K.L.:
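Input: one structure, supplied below.
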Amino acid sequence: MATFKAIRIDKAEKGTTVALTQFDEAELMEGDVTVRVEWSTLNYKDGLAVTGKAPVVRRFPMIAGVDFAGIVEQSSNPQWKPGDKVICNGWGLGETHLGAYAEKARVKGDWLVRLPEGISAREAMAIGTAGYTAMLSVLALEKHGLTPASGPIIVTGAAGGVGSVAIAVLSKLGYHVIASTGRPSEADYLKGLGAAEIIDRSELSGPAKPLAKERWAGGIDSVGSTALANVLSMTKYCGAVAACGLAAGMDLPTSVAPFILRGVCLLGIDSVMCPIEQRKIAWSRLAMDLDHRKLADITHEIGLDQVIAAGAKILAGQVRGRIVVKIL
Ligand code: NDP
């Protein structure tokens, strides 16, 4: 019986169990491409899955992990051949389809993106779903028409994964970036990434006024709840805010005032089912617009055996930047 190492989640009488164990290759799900996984990463959603804190996993047994980079081992899909270097994220990996924290993955070839020239598999996973979501958010702001000349951009959850990559990319593109963080001790880190100003998250944590003083042309928000409500109420006329996360909560206690009195747009960002063409654009822009040195500065490497403990830390807001997971 062929087996491989994997982080397996099973349903228990109460909640779920999680363990690093051997997984039977015969249990792999349907798919026309088998990939030797080299690198994965730890996202907020992975934290929810491995701790069982939210019902992210919807099929058992499950292999956790929502994204990987690796090398095609076998393929009956004409787009891919053995040896091709690929990235996969979202599409239900680690939720409804066996995921990334494993030496092997079998997926649909249509889910894969070719590793862009100029970035390694390790760098791709240092970026991971969080960094790719940051880029989807930047693309949405650009599509709305924002440029560095429009005014400052606020990034909430600044020291987290989405926030760190968003700051690095926006500053490289020439934006004046305002970083909102609850960790003042990370000020030097955020400035190193390119933040021009740092504000304490408490400025965005009280009940939002319908409209407040206009402070920024746009924002990338990975926090949700009152933070997003305050960001909207402080966004300039005809500005836009990309909403991609819920680190502080799923609610949005706002009013229609920013939309109907200032023409502010709220742009929804979903990374999971994002169409493949948009993914290719995001990954190629990441290869161009993210400084390799800054990416290295925000990246911390762990092994598969450290993922479960790190999952609890990310939920506690104790992870800075990105965690890359070495699989092989
Ligand atoms: P991280 O945990 O790395 O970052 C989240 C950051 O949010 C923290 O570092 C912290 O930043 C801030 N934060 C945490 N808790 C609170 C709180 N209670 N109140 C205010 N701020 C808080 O997670 P990621 O960056 O990986 O993900 C961020 C969010 O984006 C998550 O909700 C995740 O589910 C979502 N996401 C959504 C995707 C999509 O497809 N739409 C894809 C990827 C992620 P600081 O310490 O600087 O204040």
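Given the structure is predicted, the values throughout are model-derived calculations rather than measurements. Whatever order the structure lists them in is the order used to number ligands and atoms, beginning at 1.
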K.L.:
Do R320 and Y189 meet the cation-pi criteria used here (NZ or CZ under 6.0 Å from the six-membered ring centre, within 45° of the axis)?
P.N.:
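Yes, a cation-pi geometry.
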K.L.:
Scan residues 242-258 for pairs that pass side chain to side chain donor-acceptor pair (under 3.5 Å), counting only residues two or more places apart or in two chains.
P.N.:
S225-D251
K.L.:
Which donor-acceptor pairs under 3.5 Å do side chains of residues 52-64 form with protein atoms, sequence neighbours excluded?
P.N.:
{"from": "R58", "atom 1": "NH2", "to": "E95", "atom 2": "OE1", "distance (Å)": "2.9"}
{"from": "R59", "atom 1": "NH1", "to": "P61", "atom 2": "O", "distance (Å)": "2.7"}

K.L.:
Give me the other members of the hydrophobic cluster that V241 sits in, counting Ile, Leu, Val, Met, Phe, Trp and Tyr linked by side-chain heavy atoms under 4.5 Å, directly or via other members.
P.N.:
I154, I178, I199, L204, L211, W216, L228, V231, L232, M234, L252, V256, F259, I260, L261, V264, L266
K.L.:
Tell me whether the guanidinium CZ or amine NZ of R114 lies under 6.0 angstrom from the six-membered ring centre of W283 and within 45° of its axis.
P.N.:
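Checked: cation-pi criterion not met.
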K.L.:
Pairs of nitrogen or oxygen atoms, one from ligand 1 and one from the protein, closer than 3.5 Å: please tabulate them with distances.
P.N.:
{"from": "ligand 1", "atom 1": "3 (O)", "to": "G161", "atom 2": "N", "distance (Å)": "2.9"}
{"from": "ligand 1", "atom 1": "9 (O)", "to": "G160", "atom 2": "N", "distance (Å)": "3.4"}
{"from": "ligand 1", "atom 1": "9 (O)", "to": "R183", "atom 2": "NH2", "distance (Å)": "2.9"}
{"from": "ligand 1", "atom 1": "21 (N)", "to": "R201", "atom 2": "NE", "distance (Å)": "3.3"}
{"from": "ligand 1", "atom 1": "25 (O)", "to": "G161", "atom 2": "N", "distance (Å)": "3.1"}
{"from": "ligand 1", "atom 1": "25 (O)", "to": "V162", "atom 2": "N", "distance (Å)": "2.8"}
{"from": "ligand 1", "atom 1": "32 (O)", "to": "L246", "atom 2": "N", "distance (Å)": "2.9"}
{"from": "ligand 1", "atom 1": "32 (O)", "to": "A247", "atom 2": "N", "distance (Å)": "3.3"}
{"from": "ligand 1", "atom 1": "36 (N)", "to": "C244", "atom 2": "O", "distance (Å)": "3.4"}
{"from": "ligand 1", "atom 1": "40 (O)", "to": "S271", "atom 2": "N", "distance (Å)": "2.7"}
{"from": "ligand 1", "atom 1": "40 (O)", "to": "S271", "atom 2": "OG", "distance (Å)": "2.7"}
{"from": "ligand 1", "atom 1": "41 (N)", "to": "C244", "atom 2": "O", "distance (Å)": "2.9"}
{"from": "ligand 1", "atom 1": "41 (N)", "to": "I269", "atom 2": "O", "distance (Å)": "2.9"}
{"from": "ligand 1", "atom 1": "46 (O)", "to": "R183", "atom 2": "NE", "distance (Å)": "2.7"}
{"from": "ligand 1", "atom 1": "46 (O)", "to": "R183", "atom 2": "NH2", "distance (Å)": "3.4"}
{"from": "ligand 1", "atom 1": "47 (O)", "to": "A158", "atom 2": "N", "distance (Å)": "3.4"}
{"from": "ligand 1", "atom 1": "47 (O)", "to": "A159", "atom 2": "N", "distance (Å)": "2.9"}
{"from": "ligand 1", "atom 1": "47 (O)", "to": "T181", "atom 2": "OG1", "distance (Å)": "2.6"}
{"from": "ligand 1", "atom 1": "48 (O)", "to": "G182", "atom 2": "N", "distance (Å)": "2.7"}
{"from": "ligand 1", "atom 1": "48 (O)", "to": "R201", "atom 2": "NE", "distance (Å)": "3.3"}
{"from": "ligand 1", "atom 1": "48 (O)", "to": "R201", "atom 2": "NH2", "distance (Å)": "2.9"}

K.L.:
Between S171 and L193 (side chain of the first, backbone of the second, donor and acceptor by atom type, cut-off under 3.5 Å), is there such a pair?
P.N.:
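A pair under 3.5 Å: yes.
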